[in-house]
Structure formats: structure tokens, C-alpha cells
Amino acid sequence: MSLSPTLLYQILLKKLGNLYWWPIDKNYHKKNKSDPRFEVIIGAILTQNTSWSNVEKALENLKSDRKLNIKSIADANLKNLTKIIKPSGFFNQKAQRIQTLSKLLKDKYNYNLYNFFNRDIKIIRKELVSIKGIGLETADSILLYAGDKPIFVVDAYTKRICNRLPLDTETSYDEIQLFFENDLSKNYEDKILTKVYGELHAQIVILAKDYCRKKPNCTDCPLLKDCMFDDKLF
DNA sequence: GTCCAGGGCCGTT
DNA sequence: AACGGCCATGGA
């Protein structure tokens with residue numbers, strides 16, 4: 001029998017456990033900290049084709065300058081912002097991108113992420129994708145990890161794993177996303193779907209980095225028994 | 001030194 | 001629709 005997204009999730013959950021990516025601390029007010037949802041939004045853009053360790057450096061720079069908030073980035077001098085986020089790479093485009101989005105949150109939503117996220121998922125997604133520099137994956141990462149919305153994020157790793165296992169799905173972003181969501185939503189309650197989608201995406205990233213690499217490292221792979229890919233032919 | 005990272009845009013075919 | 005070049009730092 002072939003692998004389904006649900007079975008994939010169950011296997012990875014057993015082997016890798018919960019990864020708790022970008023957990024949103026809802027008591028951040030009491031700790032006098034900045035809104036963690038905004039940090040997730042900025043992180044989602046800074047991590048485009050970039051290792052997370054580099055993104056962390058850029059986020060630390062923003063924090064130590066007290067610039068990790070909507071107003072500071074919206075009103076920042078673009079050249080200065082570029083310098084601050086330099087370690088994240090592609091700094092010219094990324095500075096522009098985080099400023100464009102921050103200005104939208106400032107001008108149209110009055111700095112209020114509740115106003116921004118408390119709408120239909122598809123409407124928010126369309127608005128995000130209409131911003132130059134925010135594509136489908138970045139938009140969905142923001143919706144899932146910052147907006148707490150049940151939407152499955154598809155990345156290059158997901159596509160690679162679908163090809164290798166294989167998982168029987170089409171190749172376009174939206175088709176792959178629907179393939180995962182249709183299957184998982186049949187097997188899990190609505191109220192935990194956001195959690196399931198968030199964990200599975202994170203688990204797939206770990207799987208692809210540690211085992212299902214470009215040059216595959218199948219020894220000790222959690223999916224060895226369930227995978228049709230033959231690394232001896234590679 | 002080489003490879004690659006939790007993409008997206010733009011131009012060409 | 002699909003593909004190539006480009007953007008750039010830092011760790012393995």
C-alpha cells in the first residue's frame with residue numbers, strides 16, 4: 001500500500017516527535033515583549049532560500065535595535081534597514097519586502113494584527129501574494145505560523161519527498177497543498193489541523209535536511225521501509 | 001574551494 | 001507551463 005500524508009505524519013511524529021516551530025506565546029503582553037506574530041511574519045520573509053541560522057542573526061539585530069515592530073520597520077530608512085538585516089542575505093530585496101508589508105499593516109490595518117488576520121483565509125492569502133516578494137509559500141507560512149490558520153505549507157522539500165516516496169499528487173503548488181489538506185482533514189479534527197499542518201511541515205524540513213537530501217542519505221531514514229526510492233540507483 | 005539553504009521575480013522558450 | 005539567471009550571506 002502506498003503512503004498517504006496522514007501515514008507520513010504518523011510515522012514522522014513517532015520518529016521525530018513534536019517540533020514546536022514558531023510557537024506563539026499568547027502571554028507576551030505580561031512579559032513586556034514584542035508581538036511574536038510579527039516576528040514570525042518577518043522571519044517568514046527573511047528565510048526565503050536562506051538558512052535559519054542566518055535569519056536568527058538578522059532577527060537579533062532587529063531586536064537589539066528595537067526595530068522588530070511594525071512601526072519601526074514601516075518608518076525605517078531603507079538603507080539602514082538593509083544593513084541591519086544583512087546576515088540574512090538578499091538584503092536589498094528583503095528590506096524592501098518587509099518594509100512594504102509593514103507599511104500595509106500600518107496604513108491599512110492600523111498596526112493591528114488582529115484586524116489583519118481576523119478575515120477569511122483566502123482573502124488574506126490573496127492580499128499577501130499580491131505584494132511583490134511574497135509568494136505562495138511565504139504567504140502560507142505567515143497564515144499558518146503567525147495567523148494560526150489551518151493551511152499546509154508546500155516547499156521545495158515537500159515536492160522532493162513527494163517525488164521520491166512517491167506520493168501520488170500533481171506538481172503544482174496548489175495541487176500538492178490540496179492533496180495534503182484533503183487527506184489530513186479527513187483524519188484529524190478541525191481544531192487541531194493548524195497544529196498538524198505546522199508539525200508536518202516542520203518534520204518534512206528535518207527529514208529533507210537530514211535524510212532525504214539532494215544527495216540522499218537513506219541510512220537510518222525514518223521512512224526507509226515505506227519509501228520506493230532506491231538510493232543504489234542514484 | 002564547492003555546495004546549499006524553510007523563495008520569488010523576471011525574461012525566454 | 002517550464003526553465004534559467006539572478007539576488008547574497010554564512011555554515012558544512
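Just so it is clear: chains get the letters A, B, ... in the order the sequence lines come, proteins before strands, and each one is counted from 1.
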Colleague: Provide the distance between the two P atoms, one in B:dC10 and one in C:dA8, to the nearest whole Å.
Modeller: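 So the two P atoms sit 15 Å from each other.
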Colleague: Enter the distance from A:Asn217:CG to A:Asp210:CG here, rounded to the nearest 0.5 Å.
Modeller: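 One gets 8.5 Å once the value is rounded to the nearest 0.5 Å.
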Colleague: Base contacts versus sugar-phosphate-only contacts with protein, heavy atoms under 4.0 Å: please encode nucleotides 4-13 of chain B as B, S and - from 5' to 3'.
Modeller: SBBBSSS---
Colleague: Is the gap between the ring centers of A:Tyr197 and A:Phe180 under 6.0 Å?
Modeller: no
Colleague: Expressed as a whole number of Å, how far does the P atom of B:dG6 sit from that of C:dC6?
Modeller: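 Nearest-Å result for B:dG6 against C:dC6 at atom P: 23 Å.
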Colleague: Does A:Arg213 make a cation-pi contact with A:Tyr211 (under 6.0 Å, within 45 degrees of the axis)?
Modeller: no
Colleague: Ignoring hydrogens and angles, tell me if any N or O in the side chain of A:Gln99 forms a donor-acceptor pair with the backbone of A:Ala76 under 3.5 Å.
Modeller: yes
Colleague: Extract, from 5' to 3' on DNA chain C, the first and final nucleotides lying under 4.0 angstrom from some heavy atom of chain A.
Modeller: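 Extent of the interface on DNA chain C: C:dC7 to C:dG11.
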Colleague: In Å, rounded to the nearest 0.5 Å, how long is the span from CZ of A:Phe179 to CG of A:Asp168?
Modeller: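 Between atom CZ of A:Phe179 and atom CG of A:Asp168 there are 6.0 Å.
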Colleague: Ignoring hydrogens and angles, tell me if any N or O in the side chain of A:Asn69 forms a donor-acceptor pair with the backbone of A:Arg66 under 3.5 Å.
Modeller: yes
Colleague: Is it true that a side-chain atom of A:Gln203 and a backbone atom of A:Ile11 form a donor plus acceptor pair closer than 3.5 Å?
Modeller: no
Colleague: Roughly how far, to the nearest 0.5 Å, is CD1 of A:Ile204 from CZ of A:Phe152?
Modeller: 4.0 Å
Colleague: Which part of the nucleic acid, if any, lies within contact of A:Lys86, taking any heavy atom under 4.0 Å across all strands shown: a base, the sugar-phosphate backbone alone, or nothing?
Modeller: sugar-phosphate
